J.: 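Sharing a structure, written as structure tokens. Questions coming.
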Amino acid sequence: MESTSTKPDSDGWSSYSLAERDRRWNAVRERGRAAGLDCVFVPLGAGLDSCYLTQLRGSVQTSCIAIPTDGGAPIVVTDRGSNDWVPDPRHCRRDFAEPVAQALVDAVQPNARIGVVGLHGGLVTHVRVPDGVVNDTAFAAAMLRLPNATFEDATDLLGFVRFVKSDEEFAALRRAVGIAEAGIEVLVQAARPGMEVAILYAHAFERMLAMGSHYYPLTLTIGSHAHSQSQRYVDVPRGVGLAEGSVIGAEVSAVWDWQLAEEVQPIVLGPMPESWKPVVDLQREAFETGLAHMRPGTTFGELIDAVNRLGRSGMTVEAVLYGCGYGDDGPLVIGDAFRPEARDLHIEAGNAFVWKPTVISADGRVRYACGGAIAVTPNGAERLGKRDHGPVSIT
């Protein structure tokens, strides 16, 4: 039976349909079978992957799922409730080791090949954790119960399912972008010399939470166009004030239905310095060049090279891109820093990225980035946000 309900759940978000659940589960099964696996196992620790497959929202770190690739029913172990996607999970308390091990024993034959999600960092998910995210105790208990089974990494198997998004996911992502842009609008309206940055932060956050975003800290870089040094804050800045000439680099993220979107907006208190204008112009060129190359079939290597080589007059350009969605649904690219395998990975219709190329001035005093969420369609890339791409000068 397919659910099309849009009633808010207990978190204030509308739920994905059962058709979306089946799309995800079937895609995992198909990829698992193609890889010769008997089961795809999302263990304790791979919380976002588990939420992606179960929508058990309160259990980012406290649920597991085993999906047999022969079409057998998935087995979910959790200590948090149930929902339409998983109406009858196996409940446990804080000790997951034995319940998870038993679930895996029940899901597969003793000599099964089991793909483990999150065992290592992936190419398009868990890109910031090369050593993986798996809870060792619970996983070790499962391995002991299945001494004849083969366990292998399946991080990218599930990652590439997440890599291409559905219409339902894009609807949620667009809503997240709208919330992030509303937060930026508050920053622009409220930022004034003499204001405490913590108060400014609170005003923006109040607006975003009222619109239904899940908690996700803002990142604010505070500096001055008169000085080269700036400070990046990944949580509430305390004891920091704004002054005439202050520059705010606002990286504003919002989450709706587990879809994470980020919008990046530089704000200058005062007129834009003349020395910044070539940097701003080059960054806009880099942004548009990147959009033109984000077409299905283009490799990330081609995209990176096209943008990084735009530097001129001593200015340098860095391609900066990462996935938006459930967290890391895409490769991590920062200038020339990325996994070498990413160069040959093809961009696909249905991808979604945070795209914010960065330009550094010839003297190194200005490091300027602007951008936001991008959707790749069959015809190319498009911005999901509606704000003008460029700095805001408050005079």
Side-chain angles (χ1 to χ4, degrees), residues 24-54 59-70 72 74-77 96-97 99-164 300 322-323 325-333 337-346 348 351:
R24 296 178 187 184
W25 286 5
N26 289 334
V28 171
R29 288 190 184 102
E30 290 169 8
R31 286 183 175 270
R33 281 196 297 268
L37 299 174
D38 299 299
C39 180
V40 178
F41 175 47
V42 181
L44 195 66
L48 288 178
D49 294 307
S50 178
C51 287
Y52 178 80
L53 295 172
T54 67
S59 55
V60 172
Q61 297 299 332
T62 54
S63 66
C64 307
I65 181 170
I67 301 182
T69 60
D70 62 2
I75 300 176
V76 176
V77 179
F96 270 78
V100 170
Q102 185 61 51
L104 204 53
V105 168
D106 294 341
V108 300
Q109 296 298 315
N111 61 346
R113 289 186 65 203
I114 301 169
V116 183
V117 178
L119 197 59
H120 302 292
L123 183 59
V124 294
T125 54
H126 300 298
V127 297
R128 302 174 193 266
V129 282
D131 294 326
V133 295
V134 173
N135 180 289
D136 182 68
T137 301
F139 181 49
M143 294 178 69
L144 285 173
R145 291 287 300 277
L146 290 164
N148 296 318
T150 302
F151 294 85
E152 54 192 80
D153 183 60
T155 303
D156 277 337
L157 185 150
L158 178 55
F160 279 104
V161 175
R162 288 170 44 179
F163 189 51
V164 178
F300 283 92
Y322 42 85
Y326 266 64
D328 298 326
D329 301 347
L332 175 63
V333 176
F338 49 86
R339 281 182 55 173
E341 304 96 310
R343 289 194 62 87
D344 298 324
L345 178 64
H346 287 84
E348 300 182 44
N351 289 163

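Index from 1, following the sequence. In this text the structure is predicted, and so the values were computed from the model without any measurement.
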J.: Ignoring hydrogens, what is the shortest heavy-atom contact between L144 and P147? Give both atom names and the distance.
T.: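 For L144 versus P147, the nearest heavy atoms are O-CD, 3.5 Å.
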J.: Could you check whether atom CD of Q109 has more than 12 heavy atoms from other residues, nucleotides or ligands sitting under 6.0 Å from it?
T.: no
J.: Hey, does the side chain of R339 reach the backbone of G122 with a donor-acceptor pair shorter than 3.5 angstrom?
T.: yes
J.: Measuring from R31:CZ to L37:CG, what's the distance to the nearest 0.5 Å?
T.: 12.0 Å
J.: The criterion is side chain to side chain donor-acceptor pair (under 3.5 Å); which residues satisfy it with N26, sequence neighbours excluded?
T.: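 So N26 forms a side chain to side chain donor-acceptor pair (under 3.5 Å) with R29.
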J.: Could you state the interatomic distance from CG (L48) to OG1 (T125), rounded to the nearest 0.5 Å?
T.: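 With rounding to 0.5 Å, CG (L48) is 10.0 Å from OG1 (T125).
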J.: According to side-chain hydrogen bond (donor to acceptor under 3.5 Å, both in side chains), does anything in residues 111-121 pair up with another residue at least two apart or in another chain? List the pairs.
T.: R113-E152
J.: So which heavy atom on C64 is nearest to which on V100, and how close?
T.: SG-CG2, 3.6 Å
J.: Could you report the tightest heavy-atom contact between I114 and A149, atom names first, then the distance?
T.: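 Closest pair (atom of I114, atom of A149, distance): CD1-CB, 4.1 Å.
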J.: Using salt bridge (Lys or Arg N to Asp or Glu O under 4.0 Å) as the criterion, list what pairs up with E348, not counting sequence neighbours.
T.: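 For E348 there are no salt bridge (Lys or Arg N to Asp or Glu O under 4.0 Å) partners, ignoring immediate neighbours.
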J.: Of all heavy-atom pairs between P43 and V117, which one has the smallest distance, and what is that distance?
T.: CD-O, 3.1 Å
J.: Over all heavy atoms of both residues, which pair between V127 and P331 is shortest? Give the atoms and the distance, please.
T.: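 Here V127 and P331 meet closest at CG1-CA, 4.5 Å.
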J.: CZ of R145 to CG of L104: how many Å apart, nearest 0.5 Å?
T.: 9.5 Å
J.: Would you please test Y52 and L158 for side chain to side chain contact (heavy atoms under 4.5 Å, CB included) and show each step?
T.: CA-CA 10 Å; Y52 178 80; L158 178 55; 4.1 Å; yes
J.: Check V108 against C39 and note the closest heavy-atom contact, atom names and distance.
T.: CG1-CB, 3.3 Å
J.: Over 60° means perpendicular and under 30° means parallel, so classify the ring planes of F163 and F300, tilted if in between.
T.: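 Geometry flag for F163 against F300: tilted rings.
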J.: Measure the CD-CG distance between E30 and L157 for me, rounded to the nearest 0.5 Å.
T.: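 Separation between the atoms: 11.0 Å.
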J.: Backbone N or O of L123 within a donor-acceptor pair of the D156 side chain at under 3.5 Å?
T.: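 The answer is yes, because a donor-acceptor pair under 3.5 Å joins these two groups.
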J.: Determine whether a donor-acceptor pair (N or O, by modelled atom type, separation under 3.5 Å) exists between the side chain of R24 and the backbone of L53.
T.: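 Not at all, since once roles are kept as given, no pair shorter than 3.5 Å links the two residues.
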J.: So how far is it from L345 CG to N351 CG, rounded to the nearest 0.5 Å?
T.: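 Spacing of CG (L345) from CG (N351) equals 8.0 Å.
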J.: Pair F41, L119 - check side chain to side chain contact (heavy atoms under 4.5 Å, CB included), show working.
T.: CA-CA 10 Å; F41 175 47; L119 197 59; over 6 Å; no
J.: Got a second to check how far D49's CG is from S63's OG, nearest 0.5 Å?
T.: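 The distance works out to 10.0 Å.
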